[in-house]
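Following: one structure in structure tokens, then a few remarks.
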Amino acid sequence: MIKAALGLSLDQVARAFRSALIGRTTVDSSLIDALLDEKGQLIKKSGILALARHRPSLDEIGGLENLKDWLKKEVVS
């Protein structure tokens, strides 16, 4: 849940947690999805950013071959 809240201000985190917890009687993994949905809504309100929930692999990113080669070497080391 902490990772899901990264990048939000303290007020935004409190608002997102409150919204995600409404109507819940248990805390389970679906709470993280609800928190991410709330985070996405808060970010979308800025009108500048959008929350990307899919993290592309290096193969899905075009170009930057030198950087991708360096990253692959550093992760293996």
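Numbers for residues simply follow the sequence, beginning at 1. Keep in mind that what you see is a predicted model, and the values were worked out from it rather than measured.
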Flag side-chain contact, heavy atom, 4.5 Å: K72 against L58:
yes

Taking only residues at least two apart or on different chains, which pairs with a member in residues 58-69 satisfy salt bridge (Lys or Arg N to Asp or Glu O under 4.0 Å)?
E65-K68

According to the salt bridge (Lys or Arg N to Asp or Glu O under 4.0 Å) rule, which pairs have a member within residues 27-43, sequence neighbours left out?
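Listed once each, the pairs are R24-D28, D33-R53, D37-R53.
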
Side-chain donor-acceptor pairs of residues 5-16 under 3.5 Å, sequence neighbours excluded:
residue	atom	partner	partner atom	Å
S9	OG	Q12	N	3.2
S9	OG	Q12	OE1	3.4
Q12	OE1	S9	N	2.9

Find the distance between [atom1] ([X]) and [atom2] ([Y]) and round it off to the nearest 0.5 Å.
X   : Y   : atom1 : atom2 : answer
F17 : L31 : CZ    : CG    : 7.0 Å
L49 : I43 : CG    : CD1   : 6.5 Å
Q41 : L36 : CD    : CG    : 12.0 Å

Which atom pair, heavy atoms only, marks the closest approach of A4 to L35?
CB-CD2, 3.8 Å

